[in-house]
> 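Quick one: structure below, then a few questions.
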Amino acid sequence: MAGRDRFSGQFPAVLAAARAGDPDALGRIFTALSPVVAGYLRLQGAAEPDDLTSEVFIGVLRNVDRFEGDEAAFRSWVFTIAHRRLLDDRRRRSRRPAPEELSVADEPVADDDTEEALTATLSIERVVALCQQISPDQRDVLLMRLLGDLSLEEVAAALGKTAGAVKQLQRRGFQAVSRLIEREGVPR
Amino acid sequence: MSRDDDHGHDMSGPPSPLLDDDTIEALLAGDDVPTSAQHLAVFVGDVRTAGERAAPRPSHRLADLLAGHDVEPLPSLAADPTEPIATLPGPRHARPSHRPGRRRSLAARVAGASLVAKIGLGATVAAAGVLGAGALDVVPGAPGDGLRKVVEAVTPLHSDDSDAPRRGAGGRDGEPGNGDGTAGEHGDRVSSDATGESDGEPGVDGPSVAESTPGADNRPPDAGPPEGDDPAGSGSQGVGPEGDPPADQRGQSGGQQEQGAGPASGPGSPTASDP
């Protein structure tokens with residue numbers, strides 16, 4: 001599974017350097033967490049997940065000096081920002097027509113490992129399709145738990161729910177995905 | 001029992017196996033799971049794969065920030081990044097909310113100006129107010145005369161002689177005015193159309209025309225013109241049931257209208273400048 005420690009045990013030093021504006025520390029935070037944030041936004045169905053990821057990290061890095069806590073709390077803080085930006089982006093797009101339908105299949109793939117990249121892309125397409133068929137609350141919980149490695153309590157804080165409600169949504173989310181997979185066939 | 005989930009999504013299909021807490025924890029931890037939950041383990045693996053891609057390319061603004069250059073915050077970003085953005089324009093109702101903000105902004109700019117700038121701004125506003133009052137003949141006496149000359153020198157506006165009563169005021173003896181500062185000079189200025197000077201024909205006798213209109217037979221013999229047909233707009237001072245004036249005085253009524261003496265500003269009507 002994706003490890004909880006994405007900073008090789010050096011998170012306090014990285015955070016201190018980032019607060020001082022050290023470009024290396026800022027870059028390390030971006031490199032460590034931007035893939036999971038982009039994955040979260042992509043599976044949430046964001047139209048332009050990479051652009052939205054940049055917007056999230058502008059908010060993160062500009063306010064990193066205000067953060068207090070350990071790595072788990074920092075990850076929870078980053079995902080809270082990501083979730084709020086996702087909601088803002090949806091509201092913004094709901095007020096104007098989408099220019100064109102964007103698909104994860106349009107992403108460029110490397111030439112050297114085209115087959116592997118294509119397989120991964122198809123897998124992501126399938127996961128995106130599954131995620132879009134469960135309720136938004138269930139999707140929020142499952143993706144924060146699986147991609148952000150957030151605890152029940154951290155997810156509850158990010159979504160403004162109780163830990164008990166999050167646990168129920170998690171269970172129902174897994175059950176809903178299970179029904180969908182059984183109906184449509186096991187992926188791969 | 002309904003197959004819908006807690007948000008109304010149609011979840012019709014085969015019943016899902018009951019997931020116990022241990023299985024869910026195993027799924028989240030990436031540990032081995034029972035065969036009945038293998039498909040969920042595949043799903044969890046795919047979700048995590050989506051988060052293991054290379055870091056996305058940062059935008060130009062983020063690249064500047066990563067390079068150690070401070071960037072201006074996006075107007076859409078809230079002060080607290082974990083808070084939803086509240087400054088985005090709403091569908092329609094949010095537009096008026098910008099106006100108080102603009103007023104506050106102007107007030108803040110004035111408050112933040114230097115003392116010299118505030119004095120200059122105050123003097124400018126005061127001068128504009130005094131000149132405007134002078135142009136409107138509100139300032140009496142010699143100061144008003146001086147101001148009128150200044151205004152007339154720089155604008156096409158011209159005011160009456162300062163000794164004349166103000167526009168719309170009554171005569172000096174308390175008689176109703178004509179709107180031009182003269183008192184009760186009815187008939188002195190009669191339209192040339194009414195007197196026949198212009199074409200040799202005297203003016204049209206209004207009441208005689210009215211008597212030929214439909215419904216004239218139903219009118220009492222001493223009734224004035226039908227309501228709303230008062231051609232002079234003379235209001236309460238107009239030609240009433242006391243009798244038809246001579247043709248030359250009827251023309252005078254039209255003359256009043258030419259002078260703009262309607263019911264609101266007509267002879268003797270109350271105006272803001274009346275005492």
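Throughout, a chain's letter reflects where its sequence line sits, starting with A, and its residues are numbered from 1. Computed from a prediction, not measured in an experiment: that's the story for all the values here.
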> Identify the heavy atoms of A:Ser34 and B:Ala55 that sit nearest to each other, and give their distance.
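Closest pair (atom of A:Ser34, atom of B:Ala55, distance): OG-CB, 3.2 Å.
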> Would you please test A:Leu142 and B:Val47 for side-chain contact (heavy atoms from CB on, under 4.5 Å) and show each step?
CA-CA 9 Å; A:Leu142 289 186; B:Val47 168; over 6 Å; no
> Is there side-chain contact between A:Val177 and B:His39, with at least one heavy-atom pair below 4.5 Å?
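Side-chain contact under 4.5 Å: no.
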> Which atom names give the shortest non-hydrogen contact between A:Leu43 and B:Ala50, and what distance separates them?
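So the minimum-distance heavy-atom pair works out to CD1-CB, 3.9 Å.
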> Any chance you could measure A:Arg62, atom CZ, to B:Leu65, atom CG, to the nearest 0.5 Å?
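Output value for this atom pair is 7.0 Å.
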> Nearest 0.5 Å, please: how far is CD in A:Gln175 from CG in B:Leu40?
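So the CG of B:Leu40 and the CD of A:Gln175 are separated by 9.5 Å.
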> Shortest non-hydrogen contact from B:Asp20 to A:Arg171?
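For B:Asp20 versus A:Arg171, the nearest heavy atoms are CA-NH1, 4.1 Å.
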> What is the distance from atom CD1 of B:Ile24 to atom NZ of A:Lys167, rounded to the nearest 0.5 Å?
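Here the rounded value is 8.0 Å.
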> Select one option (side chain, backbone, both, neither) describing which atoms of A:Gln168 are under 4.5 Å from chain B's heavy atoms.
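For A:Gln168, neither part sits under 4.5 Å from chain B.
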> Go through the atoms of A:Leu143 and report whether side chain, backbone, both or neither lie under 4.5 Å from a heavy atom of chain B.
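Contact with chain B involves the side chain of A:Leu143 alone.
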> Could you tell me the separation between the CZ atom of A:Arg145 and the CG atom of B:Leu27, rounded to the nearest 0.5 Å?
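These two atoms lie 11.0 Å from each other.
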> Indicate yes or no: at least one non-hydrogen side-chain atom of A:Asp149 is less than 4.5 angstrom from one of B:Arg48.
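A:Asp149 reaches B:Arg48 side chain to side chain.
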> Going from OG on B:Ser59 to CD1 on A:Ile58, what distance comes out if it is rounded to the nearest 0.5 angstrom?
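Reported value, rounded in 0.5 Å steps: 4.0 Å.
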> For the residue pair B:Glu52 and A:Val36, establish whether any side-chain heavy-atom pair is separated by less than 4.5 Å.
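Of all side-chain heavy-atom pairs linking A:Val36 with B:Glu52, none is under 4.5 Å.
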> Would you say B:Arg53 and A:Ile124 make side-chain contact, with heavy atoms under 4.5 Å?
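They are in side-chain contact.
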> With a 4.5 angstrom heavy-atom cut-off, could you sort out which part of A:Leu87 is near chain B: side chain, backbone, both or neither?
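For A:Leu87, no heavy atom lies under 4.5 Å from chain B.
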> Looking only at heavy atoms, which two atoms of A:Ala38 and B:Pro56 are closest? And how far apart?
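Where A:Ala38 meets B:Pro56 most closely, the heavy atoms are CB-CG, 4.0 Å.
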> Would a 4.5 Å heavy-atom cut-off, applied to side chains only, mark A:Leu180 and B:Phe43 as touching?
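No; the side chains remain at least 4.5 Å from each other.
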> When heavy-atom pairs shorter than 4.5 Å are enumerated against chain B, which of A:Gly27, A:Pro35, A:Ala82 gives the highest number?
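Greatest number of close heavy-atom pairs with chain B: A:Pro35.
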> Is atom CZ of A:Arg19 surrounded by more than 12 heavy atoms (other residues, nucleotides or ligands) closer than 6.0 Å?
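Check passes, neighbour count above 12.
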> Between CG of A:Leu61 and CG of B:Leu62, what distance do you get to the nearest 0.5 Å?
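CG of B:Leu62 is found 6.0 Å from CG of A:Leu61.
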> Does any part of the side chain of B:Leu66, heavy atoms only, come nearer than 4.5 Å to the side chain of A:Phe57, both counted from C-beta?
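Not in contact.
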